[in-house]
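Protein chains get the first letters and strands the later ones, always in sequence-line order, with residue 1 at the start of each. When reading the values below, keep in mind they use all heavy atoms of this one structure, side chains included, and skip hydrogens, waters and symmetry mates. Small disclaimer: the values here were computed from a predicted structure and weren't measured.
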Protein chains: 4
Amino acid sequence: MDADRVNTHTDARSETIRSATLELAQELGFAKLSIEAVAARAGVGKHTIYRRWPSKGALFLDAVLSSHETILEYPDTGDIVADLREQILAAVELLARPPLDGLFRSLLGEAQQDAAISAALNERFIAPQTQRTIDRLEKARDAGQLSPDLDLELAMSILSGPIYFQFLITAQPLTHDYIDRLLAALFAGLGPRP
Amino acid sequence: MDADRVNTHTDARSETIRSATLELAQELGFAKLSIEAVAARAGVGKHTIYRRWPSKGALFLDAVLSSHETILEYPDTGDIVADLREQILAAVELLARPPLDGLFRSLLGEAQQDAAISAALNERFIAPQTQRTIDRLEKARDAGQLSPDLDLELAMSILSGPIYFQFLITAQPLTHDYIDRLLAALFAGLGPRP
Amino acid sequence: MDADRVNTHTDARSETIRSATLELAQELGFAKLSIEAVAARAGVGKHTIYRRWPSKGALFLDAVLSSHETILEYPDTGDIVADLREQILAAVELLARPPLDGLFRSLLGEAQQDAAISAALNERFIAPQTQRTIDRLEKARDAGQLSPDLDLELAMSILSGPIYFQFLITAQPLTHDYIDRLLAALFAGLGPRP
Amino acid sequence: MDADRVNTHTDARSETIRSATLELAQELGFAKLSIEAVAARAGVGKHTIYRRWPSKGALFLDAVLSSHETILEYPDTGDIVADLREQILAAVELLARPPLDGLFRSLLGEAQQDAAISAALNERFIAPQTQRTIDRLEKARDAGQLSPDLDLELAMSILSGPIYFQFLITAQPLTHDYIDRLLAALFAGLGPRP
DNA sequence: CTCTAATCGAGACGGTACGTCCCGTCTTTTA
DNA sequence: TAAAAGACGGGACGTACCGTCTCGATTAGAG
């Protein structure tokens with residue numbers, strides 16, 4: 001699977017198109033976004049867009065992901081719970097709050113309709129984040145802060161899953177309190193105290 | 001928010017339309033589904049559809065949810081881990097495997113673009129499942145099988161989140177083994193053994 | 001061959017479309033006429049045009065022919081030469097002079113690229129004119145004003161041909177003098193006086 | 001008006017382009033011919049075509065006329081009717097029969113839309129033919145085979161017009177018999193025998 | 001026998017229009 | 001009198017070419 005499939009050009013014209021895409025997505029929402037409008041806003045022929053991105057979804061993904069390359073914080077204070085809290089908070093603040101929340105939600109929605117978008121999203125965003133989390137978790141496990149036989153890939157979905165569930169499924173607010181309680185419960189385990 | 005907003009009619013004509021919708025969704029995917037095609041397939045005027053459902057998404061949600069009212073198993077053997085395992089397996093087998101997986105994924109995707117769909121989905125599907133899980137968890141907590149101060153709403157997102165994450169975000173297979181390891185980790189907690 | 005193939009609707013909307021077509025054809029010329037522009041000018045969806053006419057050429061033909069249903073003069077004073085002169089003059093004044101000359105020339109040009117246009121043009125315009133000329137010639141022959149063994153279909157192309165040749169091929173002006181000299185020469189014959 | 005305006009280059013690359021043009025015109029018809037396709041077929045950049053011909057029509061005219069420089073027969077047996085018959089037959093066989101009829105018809109059609117094509121066509125094809133016919137007619141008139149006061153330019157349109165009329169307007173077949181009857185009628189005149 | 005300038009192929013580019021598909025609304029026709 | 005059938009204005013699709021415009025890479029003529 002190759003992220004280039006959904007473009008990665010760095011020339012000025014591509015950048016103009018990505019900007020126009022984001023502007024219009026903010027104004028209209030992804031659903032009402034049209035390649036025709038992007039072309040008009042960017043002052044570009046439609047073909048120039050089709051030449052670079054295979055679909056509206058691919059363009060949108062590229063525009064959203066390129067606009068916030070900000071590497072999310074992965075602090076390492078030695079305290080794994082505090083660090084995970086920091087990291088989750090940073091991600092939530094960026095992606096689940098205005099102005100980016102609607103776009104990110106749409107992006108995840110579009111990934112459900114288009115396997116290429118899903119794959120590119122994983123490759124360009126999910127996988128790198130996962131890898132960095134796993135690296136941090138590994139250090140923590142070596143430091144004795146985690147259950148020694150914990151599958152770290154699994155831990156990643158345990159940590160991320162509830163956040164995404166809240167964001168995508170129940171559409172409940174992701175408060176700091178929620179994140180604190182979540183981490184506490186995850187580290188303590190659901191079972192009764194021994 | 002009222003689920004009736006996305007229809008609930010029980011007459012034969014509505015049923016025909018729902019069937020045609022499912023057929024076409026299976027054949028073409030949700031993205032290429034059109035009300036025009038549904039009307040043609042159902043042998044019905046477009047008006048008749050618009051009179052009953054406010055949007056393609058609402059029709060689709062209704063068609064998908066109505067087609068599988070099968071009440072998912074919520075066994076109660078006294079063993080909460082075994083029962084949760086049974087229940088999660090049943091849900092995964094139904095919703096994350098062919099033939100329903102694509103439709104369910106599309107439904108969740110559409111919910112990201114349309115708040116009415118999101119609300120209706122919660123009301124008609126997510127909330128009832130949540131309630132029944134919470135009821136079962138409550139019994140388990142009372143029986144001392146769960147941490148006594150566990151927030152059960154939170155527990156629900158801890159149990160569901162990783163599954164949805166795997167289904168929607170990483171698009172990895174939801175094997176029985178994965179579910180077993182997930183439950184084990186969740187009950188044991190991420191932290192080191194005391 | 002059926003002229004209905006290129007439309008014949010008499011409703012008001014069709015009339016609006018024909019008018020917009022003529023306006024734009026006058027302003028831009030047939031070559032730069034577009035169905036898109038006609039639809040915009042007529043305040044009509046493109047599909048409404050495609051539903052009625054199979055091509056830009058067919059629309060244009062219908063618009064041009066419908067706009068000038070004026071039955072060309074076919075006088076009968078008893079003098080065949082004078083009458084033919086009158087009739088040819090009327091046709092030339094109408095079709096080979098502004099404002100219609102450009103449109104008519106384009107129509108004949110388009111007929112060379114599209115057999116359906118050619119056939120419709122014959123059926124709706126050429127054939128009826130031919131028939132009326134032949135009727136007049138027949139009377140003249142009976143009255144002894146024409147060579148008694150003259151093939152009247154042939155006579156029609158002898159009378160019309162040079163006019164069209166001048167109009168389409170050499171693009172020379174069709175003066176009254178030219179028409180007079182033409183008729184004189186045709187009636188006298190090319191051969192030497194006996 | 002200068003025929004060079006529509007090109008006249010004799011180099012090998014121009015010849016390749018003309019050939020590609022003819023091939024594609026045969027395959028697709030003039031209407032569907034595109035400069036883009038000609039460039040691709042000829043293995044040539046678009047610029048190279050635009051550098052040599054101002055328009056698709058000009059290229060097409062040049063390609064068609066260059067491909068059949070065969071000087072049409074202008075026999076002189078002393079018998080003007082027989083000679084004209086021969087000459088008209090040769091022209092008809094070449095231009096109004098496959099494989100050239102469609103191309104020639106398209107060329108005449110295009111001339112109706114584009115004054116430059118019309119002028120170039122006259123200059124490169126019509127005028128020379130006319131001149132040679134007029135020369136032949138002049139000899140015939142001097143020999144007493146034609147009406148002594150006949151306007152020879154007019155005679156030219158009288159002889160050519162009906163042929164073109166049949167070819168372009170009524171789209172009837174140009175049989176040998178038709179040509180014989182035409183010449184007989186033209187020489188005898190339409191009027192009654194004196 | 002280089003060096004410089006022109007020419008070339010290739011094809012990107014902003015545009016315009018194509019003919020098609022659906023949208024959601026609205027008539028018309030049939031039962 | 002309600003429903004099928006489908007016409008309607010509209011908007012966007014993805015494609016095809018237009019004529020213009022860079023690009024290197026030949027290729028030739030001039031020095």
> Closest nucleotide of DNA chain F for C:R13 versus for B:R13: which of these residues is on the 5' side?
Replying inline: B:R13

> When the distance from CZ of C:R52 to C1' of E:dG19 is rounded to whole Å, what number comes out?
Replying inline: 18 Å

> Of all residues at least two apart in sequence or in a different chain, which pass the side chain to side chain donor-acceptor pair (under 3.5 Å) check with C:K56?
Replying inline: none

>> Can you tell me if D:R51 touches the phosphate of E:dT7, counting only side-chain N or O atoms and a distance under 4.0 Å to OP1 or OP2?
In response: no

>> Could you tell me how far apart A:R41 (CZ) and E:dG14 (C1') are, to the nearest whole angstrom?
In response: 18 Å

> Which residues satisfy the side chain to side chain donor-acceptor pair (under 3.5 Å) test with A:E36, sequence neighbours excluded?
Replying inline: A:K46

> Is the shortest distance from a Lys or Arg side-chain nitrogen in B:R52 or B:D62 to a carboxylate oxygen in the other one below 4.0 Å?
Replying inline: no

> Does a side-chain N or O from C:T48 land closer than 4.0 Å to OP1 or OP2 of F:dG9, or not?
Replying inline: yes

> Of all residues at least two apart in sequence or in a different chain, which pass the side chain to side chain contact (heavy atoms under 4.5 Å, CB included) check with C:I49?
Replying inline: C:I17, C:I35, C:V38, C:A39, C:V44, C:W53, C:L59

> In the 5'-to-3' direction, what one-character label does each nucleotide of nucleotides 14-19 of chain F receive under the scheme B = base within less than 4.0 Å of a protein heavy atom, S = sugar-phosphate only, - = no such atom?
Replying inline: BB-SBB

>> Using whole Å, what does the distance between atom C1' of nucleotide E:dC18 and atom CD1 of C:I49 come to?
In response: 13 Å

> Whole-Å distance between E:dC18 C1' and C:L59 CG?
Replying inline: 15 Å

> Among pairs that include at least one residue of residues 32-51 of chain A, which meet ring pair (Phe, Tyr, Trp, His ring centres under 6.0 Å), considering only residues two or more places apart or in two chains?
Replying inline: none

Result block: side-chain N/O donor-acceptor pairs under 3.5 angstrom for residues 27-34 of chain D, not counting sequence neighbours:
unit_1, atom_1, unit_2, atom_2, d
D:E27, OE1, D:R41, NH2, 2.9
D:E27, OE2, D:R41, NH1, 3.1
D:S34, OG, D:A37, N, 3.0

